[in-house]
Amino acid sequence: MAQLISSLPPQPKPATIPHNHRYNHLLSSLSSATSLSHVKQAHAQLLRSGLDRSSPLLLKLVLSSFSLSPSLDYALSVFAQIPDPQTRISNRVLRELSRSSKPEKTLLVYKKLRRDGSGIDRFGFPALLKASSRVEALIEGMEIHGFSAKLGFDSDPFVQTALLGMYATCGRIWDARKVFDKMSHRDVVTWSIMIDGYCQSELFEDVLVLFEEMKSSNVEPDEMIFSTILSACGRAGNLSYGKAIHEFITEKNMVTDPYLQSALVTMYASCGSMELAQNLYNRLSPKNVVVSTAMVTGYSKLGKVEAARLIFDQMAEKDLVCWSAMIAGYAESEQPREALELFNEMQDWGIKPDQVAMLSVVSACAHLGALDRAKWIHNYVDDHGFGEALPINNALIDMYAKCGSLAEAQEVFSRMRRKNVITWTSIINAFAMHGDAGNALKLFYQMKSGNIVPNGVTFIGVLYACSHAGLVDEGRKIFASMVNEYGITPKHEHYGCMVDLLGRANLLGEALELVEQMPLAPNVIIWGSLMAACRVHNEFELGKFAAKRLLELDPDHDGAHVLLSNIYAKERRWEDVGKVRRLMKHRGVYKERGCSRIELNNEIHEFLMADRNHKQAEEIYAKLDEVVGELKLIGYAPNTCDVLVDLDEDEKMEMVLWHSEKLALCYGLLREEKGMSIRIVKNLRICEDCHAFMKLVSKVYQRNIVVRDRTRFHHYKDGLCSCKDYW
DNA sequence: CTAGGGTTAG
């Protein structure tokens, strides 16, 4: 057919070809067109043949342009050339646009139609409203609502359902409900949008009530509405209702539906019960990719990444989504090396990452904290066309900051043409975690003057910065403005920052007052912050109180046990010390083993505490002896107060000296060129002794040392640390 | 000619 079209004479002779022949010919050309150039040729013929008012042909032309054009622009220009398009043509254009990748263009066409006074009927409104929902354009949606009412279409059930959906996706659940209540006829689709709206607004109780109402109004539930309900059960953590729905579905023989299978697995996983998910999964045969991926994600989110890997390895065919689920699983389970390894393996299989997969990879590298690897990934991002994507750039800022390079984080930030609240939050947080409160606050004010509205996450970074710089009044003001100016309800994290802020400034009474007055029940974060402040300021009584509250909530919290036993030791209450120790032994509480990484020549070296597995272990321990000797000359004495196990003082001293960050540091001293910074990433918080040790080494050996611990960065230079000894 | 509303895994 392509041959036929291109061999047509440029000027068909109208006189010799009958009208309906030309009509049929063009119609069949358009129907069989397989590329945009065919459509363009047919378009040209259409214009020449005098059939350019024939609406079936024009409709066919518009539809072919939409389905064959790589961009929507050609289709839109075809549409624009139609002098006075019939309503059914413009309806189709609205429909195509509203489902396209550029739904906002629907609203532009709407405005044009309104300007031209062209008709929009009850078939056009659902498309317009769908477009408004997709871009969350509430104002436009309401205007369209008004217009549809003026024309009397707001009593059409399809228009009403679309209105309902528009309000629900724009977060206006009560406006949605108003439309719903006015409807005289509701079918399963109506109920399903309404229920999904409640689910999106996290009104899970209402979801279940509504579902009961639906059943009693004799509307038969279908597969789709069950998957909506199941997701509500999962998000609400309502396992018993979820199970009931499962039984219901089983009775109706619907468990063969792949959508429902994955909805069930996701529901069980969100309720924390992978046993039930696995139970169901075992009975499925064959198992499709989607449900297997749901299993992988379910296990990963519960921290059972090995179980996830087992499912993953058993999958017969693997697509991009399941690869990225597994990569994200490792990235979020603190196994960034496995995540990056898997990413390489995925590429070996010839699977190209998309933006979502790329985000997991960037985040894995952020967890890893390896700067050279970060630069490699940044290059990869640019080379594979992700360099302009906003979410990717936001993740790059975070990655560079967590790999210790504020400069590169800033570089990414300043090159970005578009910035959103996440961009600003990321750069503010970057400065905050490096202890540069001045720049963090400067950026915060810059952001506000640029009319970017901060959200709850932004304030965590800003308050964190204030706390670590001792800016008490500034912090108080900002906390107040968060509540009063921005109407953000503080969460535990915010109160935790405030407790930290006050605690650091030795305003422990005020910190306690805040804890007692806050409307939330204090959790592990809050008591942990208070306890840490007490540790720094040697506030034994309050420290014991906070540690005990913490242990009530988390009986296995290692830090609280350590603090309690240390305080008892300082008070020479040996019996209590013994009690705590026995309790810990009984409960099997022990500190997560310290682990530090250092990257040298693109290779990542990992050290566990007291690790002798490294191939240069001998040299490293010799270097350690040398460094310790050197430091002792200027007054260093190992400080064993953070050592947890019950040992005599000499043994404790050895334990402290074998902390993983000291081993990594010595390896860095051996291998890293003079003048280069030594960068270490640690899984736990750095202990007092290692902190003092790093400071001294930075002075004696004239080295800049950068240590990332569990919560922040320490930059050591000339015997001082950027954290000013509070962390 | 015959158009419109709701789903699944990262």
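We name chains A, B, ... by the order of the sequence lines, and we start the count at 1 in each one. Everything numeric here is computed off the predicted structure, so don't read it as measured data.
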Please work out if A/Arg186 contacts a base, only the sugar-phosphate, or nothing of the nucleic acid, heavy-atom cut-off 4.0 Å.
nothing
Return all side-chain donor-acceptor pairs below 3.5 angstrom for residues 330-339 of chain A, not counting sequence neighbours, or 'none' if the list is empty.
residue	atom	partner	partner atom	Å
A/Tyr330	OH	A/Arg309	NH1	3.2
A/Ser333	OG	A/Gly329	O	2.6

Just checking A/Thr228: base, sugar-phosphate only, or nothing, at a heavy-atom cut-off of under 4.0 Å?
nothing
Touch check for A/Asn288, heavy atoms < 4.0 angstrom, all strands: base, sugar-phosphate only, or nothing?
nothing
In short, ring-ring contact (aromatic ring centres under 6.0 Å, His included) pairs touching residues 229-259 of chain A with sequence neighbours left out are A/Phe226-A/Phe248, A/His246-A/Tyr268
A/Val321 vs A/Val289, side-chain contact (heavy atoms from CB on, under 4.5 Å): CA-CA, chis, key distance, verdict
CA-CA 9 Å; A/Val321 180; A/Val289 201; over 6 Å; no
Side-chain donor-acceptor pairs under 3.5 Å in residues 77-84 of chain A, sequence neighbours left out?
residue	atom	partner	partner atom	Å
A/Ser77	OG	A/Tyr74	O	2.9

Which residues satisfy the side-chain hydrogen bond (donor to acceptor under 3.5 Å, both in side chains) test with A/Glu388, sequence neighbours excluded?
A/Arg417
Looking only at side chains, do A/Ser426 and A/Asn429 share a donor and an acceptor under 3.5 Å apart?
no
Could you tell me whether A/Leu163 contacts a base, only the sugar-phosphate backbone, or nothing, with contacts defined as non-hydrogen atoms closer than 4.0 Å?
nothing
What's A/Asp196 touching, base or sugar-phosphate or nothing? Going by heavy atoms closer than 4.0 Å.
nothing
Do A/Asn218 and A/Ser216 have side-chain atoms, one donor and one acceptor, less than 3.5 Å apart?
no
What contact category does A/Ile225 fall into here, base, sugar-phosphate, or nothing, at under 4.0 angstrom with non-hydrogen atoms?
base
If you look at every strand shown and take non-hydrogen atoms under 4.0 Å, does A/Ser231 touch a base, only sugar-phosphate, or nothing?
nothing
Take atom CD of A/Glu317 as the centre, draw a 6.0 Å sphere, and report whether it contains more than 12 heavy atoms from other residues, nucleotides or ligands.
no
Going 5' to 3' along DNA chain B, which are the first and last nucleotides with any atom under 4.0 Å from a heavy atom of chain A?
B/dC1 to B/dG10
Among side-chain atoms of A/Asn279 and A/Glu275, is any donor-acceptor pair under 3.5 angstrom?
no
Have a look at A/Asp319 and say if it touches a base, only the backbone sugar-phosphate, or nothing, with a 4.0 Å heavy-atom cut-off.
base
List in numerical order all residues of residues 126-143 of chain A for which some heavy atom is under 4.0 Å away from an atom belonging to DNA chain B.
A/Pro126, A/Lys130
